[in-house]
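FYI, the numbering just counts along the sequence from 1. It should be emphasised that the depicted structure is a prediction, and the values quoted were computed from it without experimental measurement. Both counts, for ligands and for their atoms, begin at 1 and track the order of listing.
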Amino acid sequence: MATGRNAEKRGGGTAHGRNRLLRLAHGHGMALSAACGLSVAAALCGLVPFWGVYEILQATTDGDGPSDPHAVLGWAAAVAAALIGRHLCAALSTGLAHRVGFDILHAVRAALIAKTQRLPLGFFLDRPVGRLSHVFQEQVEILELFFSHQLPDMVAALMAPLLCLTLMALIDWRLAVAALGILPLAWAGNAWMMRGHGPRIGAYFGLIRTINAEAVQFIQGMELVRSFTVRGGAGGGLGGRLVDAIEAFRRFALEWQTRWLPGWSLYAVGAGTAPLFVAPLGLWLHGRGELEAPAFLAALLLSGLLGPPLQKVTIYGELYQRVRKAEEAISAILDAPEPPVAVSGSEPVREGRAFAVAFDAVSFDHGGKPALREVSFTAPAGGITALVGPSGAGKSTAAHLVGRFWDVGEGAIRIGGADIRTIPPERLKAMVSFVFQDSTLFNGSVLDNLRMGRPDADRETVAAAARAARCHDLIAALPEGYDTPVGEGGARFSGGERQRIAIARAILKDAPILILDEPTAFADAENEALIQEALSGLMAGRTAIVIAHRLDSVRHADRIVVMEDGRVAAAGRHDDLMAACPLYRDLTDRQAEVLRWRLPGTQSDVRSGFEQEA
Ligand SMILES: Nc1ncnc2c1ncn2[C@@H]1O[C@H](COP(=O)(O)OP(=O)(O)OP(=O)(O)O)[C@@H](O)[C@H]1O
Ligand SMILES: [Mg+2]
């Protein structure tokens with residue numbers, strides 16, 4: 001079955017993703033090359049003093065005095081210029097590379113934001129928030145770090161030993177060859193260190209992502225954590241899992257370190273021992289009168305300069321692997337398949353206030369697990385359709401599919417006769433409003449939150465919507481009224497208050513189709529009554545699909561669809577279902593029992609607003 005998820009697994013090709021990231025850098029090719037060039041120039045300037053001292057020594061130890069005072073002065077000036085030039089080049093290189101790094105950081109984040117707006121919402125339901133925020137933050141920053149610091153440094157670290165060896169060869173090629181004696185040891189150390197490195201980098205990032213995901217859940221679930229914490233314990237399951245994740249990371253990091261440390265030590269020793277190879281040969285050549293003392297001294301000093309850049313090269317090699325992993329994670333998002341929009345064979349959606357929403361033999365799997373099987377029903381235009389059924393029956397899944405959170409596996413969902421896959425995403429977004437059981441508000445003022453529904457709405461229109469949603473009085477009583485910040489996630493408000501603000505937002509959006517997934521689930525009796533009133537204002541004249549846990553609240557719906565195990569068990573009006581559907585009767589009886597169990601005084605006999613209206 002070609003569901004969106006299967007396609008997703010096929011997508012995310014990293015080769016393509018790397019090309020994309022290289023393309024992002026490509027626009028900055030000139031600046032990056034200049035930064036690398038300047039970095040190499042800085043490395044070269046670092047070698048000039050050694051060469052200068054060599055030349056000066058040669059000039060001054062030839063015979064009794066300086067044979068050519070001008071040459072000595074010239075070299076002295078060159079050394080001074082190189083000392084200044086080195087820092088100047090390094091500063092310019094850093095400046096340029098940082099510009100590029102931050103430009104790329106910006107471009108990648110912008111691309112991620114743009115992409116996430118086009119991705120099906122199911123993409124986010126399927127992934128822990130912490131995992132995605134890790135990509136948006138840390139992994140994008142790894143790229144910035146790479147372009148700003150590592151790339152120019154790495155090029156210089158690779159070039160510096162070559163320059164060093166070239167100068168040594170100019171002095172005496174045999175000494176340069178002797179210096180290469182470090183290679184076997186360095187190579188062996190490096191091979192030892194890098195054994196199994198690639199998979200470990202993957203595991204390393206995996207553990208960090210787990211910590212992020214657990215930390216976000218831990219903080220979001222703090223209420224739960226507090227109420228289930230055993231005294232002295234780790235703070236319930238969530239806290240326990242976070243502690244476990246941190247502990248697993250510590251164990252992994254320590255174990256990894258003990259694995260690479262011996263190889264690294266061997267490499268570091270190997271890379272730094274060039275003078276040990278150069279000195280004996282130099283002494284021998286000097287003894288035979290084939291090598292002047294200044295030349296020997298200069299070559300010895302130069303061979304000592306080989307170690308540090310070589311040590312840097314392995315560190316950068318390791319960091320580069322991290323960059324590759326970061327690229328892969330970013331590409332997995334940038335390359336995730338977007339819901340396709342078919343342009344041909346579609347009936348255009350007719351303009352109008354209300355549309356019928358039809359499920360036509362819809363099947364859908366959640367990651368291979370069947371959630372809906374051949375579901376067919378029609379939510380009549382302008383009417384209320386209720387989805388009821390036991391937990392896990394597939395009600396929420398069906399509701400989500402109308403908004404293309406995921407695409408159906410088989411069958412089709414039609415709005416006003418048009419397959420939703422043929423409706424441009426922006427248009428579909430404008431046509432359907434969702435109100436879920438726990439609405440979140442984003443950081444900003446109440447007004448900003450409400451205007452999300454319609455950015456150009458004036459204050460009067462916003463207030464009218466808030467009145468219809470029974471939250472105007474509440475907002476007007478706030479210290480700064482509609483301009484009061486809502487606090488993170490809407491923390492300033494109760495669940496029921498947040499819900500009414502979300503309903504006002506939906507009223508402003510004025511979409512012809514409404515999907516309500518247990519919108520009163522978390523409300524107390526008083527709030528439930530207010531939310532029901534708000535909803536009745538919202539639903540008037542629109543096509544509404546309502547998922548309700550309280551069957552009495554949807555008793556008067558135009559159509560009730562009873563779902564069980566991903567299938568439609570029956571559909572009809574309340575009375576017909578009571579007569580013909582044992583499952584519905586059973587659900588109703590059980591609910592009546594639950595209601596009788598309510599504590600005296602808390603019973604809310606809410607005859608829902610939309611029930612009266614229907
Ligand atoms: N994001 C998801 N990933 C994997 N499986 C899921 C996901 N969402 C739902 N499911 C599974 O799909 C099936 C249908 O779930 P769904 O949430 O649609 O049921 P529901 O009727 O809304 O239940 P409830 O009344 O408890 O809200 C269940 O077996 C559930 O475990
Ligand atoms: Mg549900």
Which atoms of ligand 1 sit under 4.0 Å from any heavy atom of Ser396? 17 (O), 18 (O), 20 (P), 22 (O), 27 (O)
Is ligand 1 less than 4.0 angstrom away from at least one heavy atom of Gly367? no
Under 2.8 Å from the Mg ion (ligand 2) - does any N, O or S atom of Ser391 fall there? no
Lys395 side-chain N/O to Gly566 backbone N/O, donor-acceptor pair under 3.5 Å: no
Counting heavy atoms only, name the option from Gly389, Gly392, Pro370 that's nearest to atom 20 (P) of ligand 1. Gly392
Before signing off on this row, confirm whether Trp406 and ligand 1 have an N or O atom pair separated by under 3.5 Å. no
N-O pairing of Arg421 and Asp419 below 4.0 Å: yes
With respect to atom 16 (P) of ligand 1, which of Asp565, Thr397, Leu401 exhibits the smallest heavy-atom separation? Thr397
Taking atom types as modelled, is there a side-chain donor on Asp360 or Ser376 under 3.5 Å from an acceptor on the other? no
Which label fits Tyr482 and His472: parallel for a plane angle under 30°, tilted from 30 to 60°, or perpendicular past 60°? tilted
Using heavy-atom distances, let me know which of Met563, Glu518, His366 sits nearest atom 10 (N) of ligand 1. His366
Compute the shortest N/O to N/O distance between Ala393 and ligand 1 and return yes if it is under 3.5 Å, no if not. yes
Between Asp365 and Arg373, does any NZ, NE, NH1 or NH2 come within less than 4.0 Å of an OD or OE carboxylate oxygen? yes
Does a side chain donor of either Ser445 or Asp448 reach within less than 3.5 Å of an acceptor in the other side chain? yes
